[in-house]
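Below is one structure, written out as structure tokens; comments come after it.
Positions are given from 1 along the sequence. Atoms considered below: every heavy atom in the structure, side chains included; atoms not considered: hydrogens, waters and symmetry mates. On a predicted model such as this, the values are computed, not experimentally measured, just so you know.
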Amino acid sequence: METLAHHGRSTAYRVRGSADAPTVLFVHGSGGTHAVWKAQLARLADTYRVAALDLPGHGDSDDIETDPGPETLDAYAADVRAVAADVGASVLVGNSLGGAVVLTAVLDGGVEPDAVVLAGCGATLAVADSLRAWLAGDGPGFERALAFLHDSGRLFHDPDDRTLALSKDAMRDCGRAVVNRDFRSCHSFDVRTRLSEIDSPVFALTGDHDHLTPPSAHEFLAEHVQTGGWTTLPDAAHLSMLETPDQFNDALDAFLSDPALVARR
């Protein structure tokens with residue numbers, strides 16, 4: 001892992017591929033780490049320079065002391081801007097909370113990517129009252145929240161045991177306080193009235209079975225930015241990059257290989 005000091009803290013990230021290739025920076029979602037992008041780091045590095053960071057309090061990155069909501073999103077966005085500058089990223093990819101962080105970074109300035117990819121993300125990310133209540137309390141509520149999130153149609157459609165364990169263990173390693181902060185920050189996020197400000201091409205994608213941010217949320221994104229497209233992936237839900245990595249990578253590569261986008265670089 002590489003580390004980058006900024007804003008009085010250290011952010012960890014992993015990078016692979018040739019520095020001569022376009023650099024794609026991946027940002028994970030609530031309770032995750034850079035490891036959710038393992039198939040992208042491993043399989044796209046022959047074509048792109050691929051980087052993936054750990055947000056504050058996740059994985060190997062220093063934590064922060066911020067109130068959930070805009071203050072946390074701003075701090076997370078500062079990490080994205082810092083790592084994007086360090087690796088020379090021209091494309092930002094965010095999943096769920098990571099998509100909200102990418103949109104915050106772009107809309108509030110300081111980073112101007114050639115393209116934005118939003119996976120399992122919407123312009124608003126409301127969180128169910130029951131989930132917020134389970135995450136806010138001590139005791140068995142956290143495990144109840146994990147069980148809810150890992151039920152079919154939410155984070156995954158039909159994952160193998162290893163993928164399911166990876167996701168649950170990552171959330172347990174982050175801990176209830178960080179996961180709670182993540183989801184409460186998601187709940188406060190709403191940029192529906194600002195999408196028209198984004199002049200980078202935007203590509204939105206998720207699994208057909210995503211009940212957390214359904215395909216309609218991705219269609220909304222694509223229709224309200226200046227230049228947008230969207231698609232869905234069969235046999236996957238919210239974390240399609242983990243559940244169906246080959247299909248995810250193919251869709252991402254097709255978008256990034258579009259001649260109009262290549263001409264912007």
Side-chain angles (χ1 to χ4, degrees), residues 26-40 52 55 58 73 76 92-103 116-132 134-135 142 144-172 174 178-191 202-222 230-252:
F26 292 88
V27 186
H28 65 78
S30 297
T33 71
H34 77 280
V36 302
W37 304 107
K38 61 179 183 176
Q40 288 66 52
L55 290 171
H58 303 71
L73 289 172
Y76 287 180
L92 301 179
V93 181
N95 168 246
S96 196
L97 167 70
V101 173
V102 166
L103 287 171
V116 171
V117 179
L118 303 170
C121 182
T124 182
L125 293 172
V127 177
D129 291 347
S130 56
L131 179 56
R132 286 186 286 122
W134 294 330
L135 289 171
F142 186 45
R144 191 170 182 181
L146 295 189
F148 172 85
L149 288 167
H150 291 88
D151 197 9
S152 180
R154 296 189 178 106
L155 295 181
F156 300 104
H157 171 53
D158 185 24
D160 58 46
D161 290 342
R162 183 178 179 182
T163 300
L164 204 61
L166 172 71
S167 179
K168 288 183 178 180
D169 288 347
M171 288 192 173
R172 292 189 183 106
C174 285
V178 170
V179 177
N180 179 48
R181 182 179 70 200
D182 287 351
F183 276 97
R184 288 179 63 191
S185 298
C186 283
H187 190 65
S188 74
F189 177 73
D190 188 346
V191 294
V202 174
F203 181 51
L205 74 163
T206 194
D208 281 339
H209 303 276
D210 186 355
H211 297 161
L212 296 176
T213 52
S216 59
H218 298 76
E219 182 180 13
F220 182 91
L221 282 169
W230 71 285
T231 193
T232 60
L233 303 176
D235 304 319
H238 195 63
L239 300 183
S240 57
M241 68 285 192
L242 266 178
E243 191 166 17
T244 55
D246 289 340
Q247 292 91 327
F248 182 96
N249 289 351
D250 287 346
L252 176 62

Parallel, tilted or perpendicular: rings of H157 and H209 (30°, 60°): parallel

Residue set satisfying side-chain hydrogen bond (donor to acceptor under 3.5 Å, both in side chains) with H28, at least two apart, ordered chain then number -> none

Quick one: are D235 and D158 in side-chain contact, heavy atoms under 4.5 Å? no

To the nearest 0.5 Å, what is the distance between OG1 (T33) and NZ (K38)? 10.5 Å

Qualifying salt bridge (Lys or Arg N to Asp or Glu O under 4.0 Å) pairs, either residue in residues 240-252, two or more places apart: R43-D246

Is there a donor-acceptor pair closer than 3.5 Å between any side-chain N or O of S96 and the backbone N or O of A119? no

For a 4.5 angstrom cut-off between non-hydrogen side-chain atoms, does L118 reach V202? yes

Heavy atoms, side chains only, cut-off 4.5 Å: are F189 and L97 in contact? no

May I ask you to check whether over 12 heavy atoms, not counting those of R132, lie within 6.0 Å of atom CZ? yes

Residue pair A100 / L73: nearest heavy atoms and the distance that separates them: CB-CD2, 4.4 Å

Can you give me the closest heavy-atom contact between G153 and A237, atom names plus distance? C-CB, 4.3 Å

Residues in side-chain hydrogen bond (donor to acceptor under 3.5 Å, both in side chains) with D208, at least two apart? T232

Are V93 and Q40 packed together at the side-chain level, in the sense that at least one heavy-atom pair is separated by less than 4.5 angstrom? no

If you measure from CG on L166 to CG on D161, what distance do you get to the nearest 0.5 Å? 12.5 Å

Taking every non-hydrogen atom, the tightest pair across F183 and L149: CZ-CD1, 3.7 Å

For residues 212-221, which side-chain N or O atoms pair as donor and acceptor with protein atoms under 3.5 Å away, sequence neighbours left out?
| residue | atom | partner | partner atom | Å |
| --- | --- | --- | --- | --- |
| T213 | OG1 | G120 | O | 3.3 |
| T213 | OG1 | D210 | OD2 | 2.7 |
| T213 | OG1 | H238 | ND1 | 3.1 |
| H218 | ND1 | P214 | O | 3.1 |
| H218 | NE2 | G120 | N | 3.2 |
| H218 | NE2 | C121 | N | 3.1 |
| H218 | NE2 | C121 | O | 3.3 |

Looking at every heavy atom in both A251 and F203, which two are closest together, and how far apart are they? O-CE2, 3.7 Å

Supply the atom-to-atom distance N180 CG to W134 CH2, rounded to the nearest 0.5 angstrom. 14.0 Å

Pair L92-V27, side-chain contact (heavy atoms from CB on, under 4.5 Å): steps then yes or no: CA-CA 8 Å; L92 301 179; V27 186; 5.9 Å; no

By side chain to side chain contact (heavy atoms under 4.5 Å, CB included), L146 pairs with (sequence neighbours left out) F142, E143, H150, M171, R172

In Å and rounded to the nearest 0.5 Å, what is the NE2 to OG1 distance from H211 to T206? 10.5 Å

Are any of the side-chain heavy atoms of W37 and F248 separated by less than 4.5 Å? yes

Is a donor on one side and an acceptor on the other found under 3.5 Å between the side chain of S167 and the backbone of L164? no

Could you tell me if the side chain of N95 sits less than 4.5 Å from the side chain of V36, heavy atoms only? no

Between G31 and D182 the two heavy atoms that sit nearest each other are N-OD2, 2.9 Å

Tell me every residue that passes side-chain hydrogen bond (donor to acceptor under 3.5 Å, both in side chains) with T163, counting only those two or more places apart in sequence or in another chain. D160

Can you give me the closest heavy-atom contact between V127 and C186, atom names plus distance? CG2-CB, 4.1 Å

